[in-house]
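I have placed the structure first, in the form of structure tokens, so that the comments after it can refer back to it.
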Amino acid sequence: MKNADMAGIFEQMADFLEIRGENPFKIRAYRRAAQVIEHLPREVATMLAEGEDLKALPGIGEAIASKMAELVRTGHLVAWETLRDSLPEGLSTLLEIPGIGPKTAYRLATELGISSVDELEQAILEGKVAHLFRLGDRTAQNILHSIRSMRRKDQRIPLGQALPIVEEILSALRPLPGVRNLVPAGSLRRFRETLGDIDLMGTADNPEAIIRSFVSLPQVREVLAQGPTKASVILSGGLQADLRMVEHEAFGSLLQYFTGSRQHNIALRTRMQKKGLKLSEYGITDTVTDRLEKFSTEEAFYARLGLQYIPPEIREDRGEIDLAEKKAIPRLVERSDIRGDLHVHTNWSDGAASLEDMARAAKALGYQYLAITDHSGGLGIAGGLNEERLLKQMQAIRQLDERLEGIRLLAGIEVNILADGRLDLPDGILSRLDVVVASVHSALNQSEAKMTRRILKALENPHVDILAHPTCRLIGQREPIAVDLEAVFQAAAQHRKILEINSMPDRLDLQDISIYRARELGVLLAIDTDAHRPEHFDLVRFGIGMARRGWCRPAHILNCRPLEEVLSYLKRDEASRRTG
DNA sequence: GCCGTTTTCGGCCCGACTGTTTTCAGTCG
């Protein structure tokens, strides 16, 4: 049983209990547990096998810990099955419709016998829903509307698709007269890999005018709601975007509130409640004097709570509040820490730009070094390099490197890991390169055991330096390969290999919780772009976002180190392999 | 169901909006 499945079951437990009108705090406990499990950096099954006490996890007590153990041991949860069987069928499906909560779902199921979205649609059209007590025609039409818009769009979209849209909107609104602040909040600001909607926050002298401009942007397909300080719209891609404007003085608490995460805010408010402080988007209220204090910046807001500033990417209620109290939040990696890129392509293989163009683009960014790592040729990847062409390219790289001032070019390769774990270039030529990036591009459907052996074998090769996009996932398109990541991390730590954080927005691979775990195990990481054209260098911000979500400091990232240290790491690595 | 520098029992985050209502339940973020 994987963590994601287990989290799903506890989430459903919460839904079922809510439908049955159980204690709301019990329900919340199950939801919290589901969140915690979903974001664990290790599999629960592994933790149990190693004799760890699940009750040590936040939000997990006696009852839920034993249910988790039951799931791992038997693959079943009797309590969940009993609950499910006690309720009408199809309730979970109805709950997925926005605007339908547990109460409404239960009444639709029991009073009208509805068990699917199609049946619900039919019932609305026949006017049955509008006749239920406390549900009028208006509500019925709204439900119908959400059913139809739900069918139109896929739920969450990748960060990389959303960000350009957001930036377009921001650059249209920011120059308007009177605008003082305008920024994204929500999961976008926290750099979550997918988004359900877009939240924008702002302050302006004339908020209503900004709202009006927002709803009349060309990207807006439909206006869901529009008031003097808030509007919700559907963009042409089907994505929902909300804009909220507040007074300048309250911007800090607004931004904090809507950046979330929900779990972080709940933890924060619970804690401050005990100190007599009530937190909201308007500010902080002293519950004794009932006086509201406003904050124009997030920094001031956290400071008033006696906390160090907490970067948005780690606001997930995973211990950051305790650390902020002790002023011990780590200094997370930033873009300005990045000194080079160790995985890029050129038109020698499937890239779009020449060696020189890529090199100059990297230099323009102030990078100290750039590794050229085109594809190896064995597997039909467009223009992959065979041994002969690789030798020619090495020569071209060395020549260009001599000619170019201010940046060091490293000769490398992205070599395929074949189905049996061998590489598709011989050791002889790999040993002459500055850096060897290895990755899986074929036979993606292997069993977990086979795939794990395959990758471990590649990591045992003394010439391999970096394992690129370790799970091979494409967000929303291709599932990650089946692989025992814990074993990969341990092998990487043992052989002192580097794991990649691939910045391509549709990859983001490793993902945040894996980065967290790899770092914990002492694995060195590299934030690479896998750039295929100069503009791709900018994508590094996505990799940085992931690394920050994994609590990485610059010390955890190889390409935050200066050239000499990178070279000596790669070389020392080789020396240690020879002796070992 | 979880949790504890007020507590092993008695609490548990906060506010807005909507639609249906003459005071509020349900849903959402």
If you round to the nearest 0.5 Å, how far is CG of A:D286 from CD of A:E293? 8.5 Å
From the set B:dC12, B:dG19, B:dC2, return the single nucleotide nearest to any side-chain atom of A:N23. B:dC12
Six-ring centre of A:Y516, A:R519 cation under 6.0 angstrom, axis tolerance 45°: yes
Salt bridge between A:R42 and A:E52, side-chain N to carboxylate O under 4.0 Å? yes
Which nucleotide in the set B:dC12, B:dT20, B:dG29 lies at the smallest distance from any side-chain heavy atom of A:R138? B:dT20
Indicate, yes or no, whether a donor-acceptor pair under 3.5 Å links the base of B:dG15 to the side chain of A:Y282. no
Between the base of B:dG29 and the side chain of A:R262, is there a donor-acceptor distance below 3.5 Å? yes
Looking only at B:dG19, B:dG26, B:dC14, the nucleotide nearest the A:T104 side chain is B:dG26
Base-pairing assignment for B:dT8 (Watson-Crick or G-U wobble, both under 3.5 Å): none
Closest to side chain of A:T139, choosing from B:dT20, B:dG29, B:dG26: B:dT20
Distance in angstrom units between A:E22 CD and B:dG1 P, rounded: 9 Å
Which whole number of Å gives the distance between the C1' atom of B:dC12 and that of B:dT6? 16 Å
